[in-house]
Structures are given as structure tokens and as C-alpha cells.
Amino acid sequence: MLVTHQPVLRRFWYPVLPLEQLDPGPVPFTLLGERIVLWRGADGVPAALADRCCHRTAQLSKGWVTEAGELQCGYHGWTFDRCGQCVHIPQQPDLPPRGQVASYRCEARYGYVWVCLDEPLTELPDFPEAREDGYRQIDEFYEPWACAGLRVMENSFDNAHFSFVHRATFGLSDNPRPAELKITPAEYGFVMRAVAPVRNPELQKELLQMADERTERHMESRWFMPFVRKLRIAYPNGVVHSIVTAATPIDDRHSQIVQWAWRNDSEADAPAAKVIAFDRQVTEEDRAILETTDFDVPLDAAGGESHMPSDKPGLVMRQQLRELLAAHGEREVRRSDAPRGQAVTLLRKMS
Ligand code: FES
Ligand code: CO
């Protein structure tokens with residue numbers, strides 16, 4: 001599936017930027033191949049417009065935010081409000097301004113700016129940890145990866161890769177049998193539950209305050225279609241490490257990884273810097289292998305990949321995405337279907 005060719009994917013919410021990187025902006029971002037510009041209005045609320053001025057097409061992200069919290073183009077100074085309406089043309093201040101730039105839904109939640117490019121099919125994902133007592137939020141990673149978002153999602157439900165990809169951290173190299181898993185359907189996604197035996201390496205012993213060489217991860221992992229996942233890991237001593245990972249689709253070949261965690265222990269028990277350091281090791285292990293995979297993930301079972309039983313969560317994702325496309329009158333677009341000119345344009349955008 002080429003994400004930029006499936007319009008229904010524009011109807012989901014994606015985290016695109018940590019709020020503090022938007023002070024006040026403007027900041028450019030490419031979402032599903034579409035260039036957008038983000039900034040904070042005078043009321044502090046973030047806004048998103050197409051990053052293309054309706055006068056002579058300059059990128060609005062090269063401009064600046066006015067004292068009134070509006071976005072001024074850096075080329076001739078046309079000024080836009082959060083709805084994309086041109087509100088001021090400096091060269092002709094006495095005439096009513098004309099001109100409109102596309103605007104997008106934009107919300108601040110969990111410390112990030114979320115954008116939806118079209119009529120949303122769902123609410124923003126709900127994470128109870130954000131309002132429950134006893135949890136602290138640790139912001140971990142914000143970086144582009146050269147791989148498809150669906151690969152990142154499938155990998156995070158794949159219990160069969162621990163012994164190989166994560167053999168240097170928590171994987172048990174003497175036990176490659178993947179933990180049994182159970183999948184329960186949910187709206188626009190599913191929940192997977194599994195208990196996986198894992199190694200407890202030195203840094204993790206310190207973070208968990210647990211000396212055992214091995215332990216268990218009690219995992220409850222929720223997939224929010226298409227590219228957000230929350231993995232709640234409970235350890236036998238009661239420590240909960242609940243990680244949100246979004247693979248926000250930049251274009252067909254690149255995903256912006258946005259990851260944060262909630263933990264129910266204290267900074268004194270497990271300093272945030274060390275929590276991030278351990279998750280960094282694990283994440284780099286995943287990244288190194290995922291960036292070698294094909295970006296065009298086939299949704300169709302006969303798409304040219306072989307499977308094993310532990311691939312089930314990924315296969316359920318592919319099936320749910322097939323059903324989503326069908327329900328919205330779309331057909332899966334593969335790399336071989338895409339018009340050549342379009343593929344070249346996508347590559348140029350990234351260079
Ligand atoms: Fe933006 Fe002219 S291109 S004001
Ligand atoms: Co992994």
C-alpha cells in the first residue's frame with residue numbers, strides 16, 4: 001500500500017510535532033506527502049495550513065507569526081488567519097483582502113500537535129494514563145525513519161523478533177518461540193494481550209529495581225488504525241511502562257517516529273534519562289532492521305511475502321486496512337500501479 005495514494009488515510013489523526021517545538025512557529029511538516037505549516041495563534045492554540053501561499057505559491061513556513069498571532073508570508077507579506085483566510089495585503093491596505101489557503105484540523109493533546117487532513121473518522125486516541133494518578137509522562141523520541149509506518153506497527157505486535165533483533169537487550173536467544181497472543185477487536189484497531197518471558201539486562205535491573213536475570217512482560221497492546229500504538233507493559237513487581245509509538249506517515253517511504261511513555265514509578269526510582277537510554281537501545285535495534293524492509297507493504301495475503309502464525313497481528317492489520325479501503329471505495333495502490341511521474345515527485349520532495 002502506498003499511503004499517499006489512499007485518500008481515506010487523510011481521515012485519521014496523526015501527532016506531527018512536540019508542542020514546545022512550535023513556539024510560536026511557523027514550522028513545516030510533510031504529512032502523507034502534503035506540505036503543511038504549523039504555528040501557534042495569539043491564544044496559544046496551534047493551527048495548520050497548506051504550506052503554499054495562494055499569491056505566488058511561496059512556502060508560508062518561510063514567513064513569520066505576527067503579533068496578532070496570524071501567519072504572514074515572507075514573500076509579499078500577505079497575512080492569513082487560522083482558517084486560511086487572507087486577512088491583510090500590505091500593498092493595498094484599503095481594499096478588502098482576498099485569497100484562501102487550505103486549512104486543516106489541528107489539536108494539542110498529550111504534549112503534541114495532532115493534525116487530520118480531512119473529515120475525521122475517529123476521535124484522537126484516548127490514553128487513560130494521561131489522567132490517572134501516579135503516572136508521569138516521559139517524552140522519548142521524535143525522528144524520521146526511512147520505512148513504512150505499517151512496518152513499525154506490525155513490528156511492535158511481533159513477539160517473534162525479540163530473540164533476534166533484541167538479542168543484545170531483552171531478547172532470550174535460547175528461547176525463540178514467540179509468546180502466545182490473544183487478539184480482541186476494537187473500534188478502528190484491536191487489542192493484543194500476551195505474556196512474554198524476557199531477559200532482564202543490567203540497565204533494566206536498575207530501572208525495575210529487580211535483580212532477576214529473567215522476568216516477564218505482561219503486555220496489553222492497542223493498535224489505533226492506521227499508525228499509532230500503545231504498548232502497556234506490566235512487570236511482575238508492579239512497575240508499568242506504557243509506551244505510545246506513532247509512525248506518522250511523511251510519505252510512502254518515510255515515517256516520523258513520535259514516542260513517549262507513561263510510568264507509574266518515580267524519577268528517584270527510574271530517572272527519565274535512563275528510561276530513555278534503555279528504550280533508545282531497543283528502538284535502535286528495531287530501526288536498524290526495519291529500515292531494510294520494503295516500504296510498499298502488501299495488504300493482500302498474496303502480496304509476495306511468506307507468513308508464520310506469530311505474524312497474526314500484522315495480518316489482522318492488513319485485513320482491517322483492506323476492509324477500510326473497500327468501505328471507502330478505494331483499491332489498494334501498490335508501487336507497480338503508481339504512475340511514474342508521481343513516484344519521481346515523491347522522491348524529489350524528500351531530497
Ligand atoms: Fe505569498 Fe506573495 S507569495 S505574499
Ligand atoms: Co522490537
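Whatever order the structure lists them in is the order used to number ligands and atoms, beginning at 1.
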Side-chain ion pair, [X] and [Y], N-O less than 4.0 Å:
| X | Y | answer |
| --- | --- | --- |
| Glu132 | Arg263 | no |
| Arg40 | Glu70 | no |
| Glu285 | Arg167 | no |

Which N, O or S atom of [X] lies nearest to the Co ion (ligand 2), by name:
| X | answer |
| --- | --- |
| His166 | NE2 |
| His161 | NE2 |
| Asp286 | OD1 |

State whether Phe224 and Arg222 meet the cation-pi test: NZ (Lys) or CZ (Arg) under 6.0 Å from the six-membered ring centroid, and within 45° of the perpendicular axis.
->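 That pair qualifies as a cation-pi contact.
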Asp158 N/O/S atom closer than 2.8 Å to the Co ion (ligand 2) =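 No, since none of the N, O or S atoms of Asp158 sits under 2.8 Å from the Co ion (ligand 2).
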Which protein N, O or S atoms lie under 2.8 Å from atom 1 (Fe) of ligand 1?
->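 Counting only protein N, O or S atoms under 2.8 Å from atom 1 (Fe) of ligand 1, the list reads Cys53 SG, Cys73 SG.
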Look at the rings of His55 and Trp78 and say which category their plane angle falls in: under 30° parallel, 30 to 60° tilted, over 60° perpendicular.
->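 It falls in the parallel class, under 30°.
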Measure the acute angle between the ring planes of Trp262 and Phe127, then classify it against the limits of 30° and 60° as parallel, tilted or perpendicular.
->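 Tilted: the ring planes of Trp262 and Phe127 meet at 30° to 60°.
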What pairs meet the side chain to side chain donor-acceptor pair (under 3.5 Å) rule with one or both residues in residues 87-104, with sequence neighbours excluded?
->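 Listed once each, the pairs are Glu34-Tyr104.
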Please check if the distance between the ring centroids of Trp260 and Tyr112 is under 6.0 Å.
->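 Yes: the rings meet the under 6.0 Å criterion.
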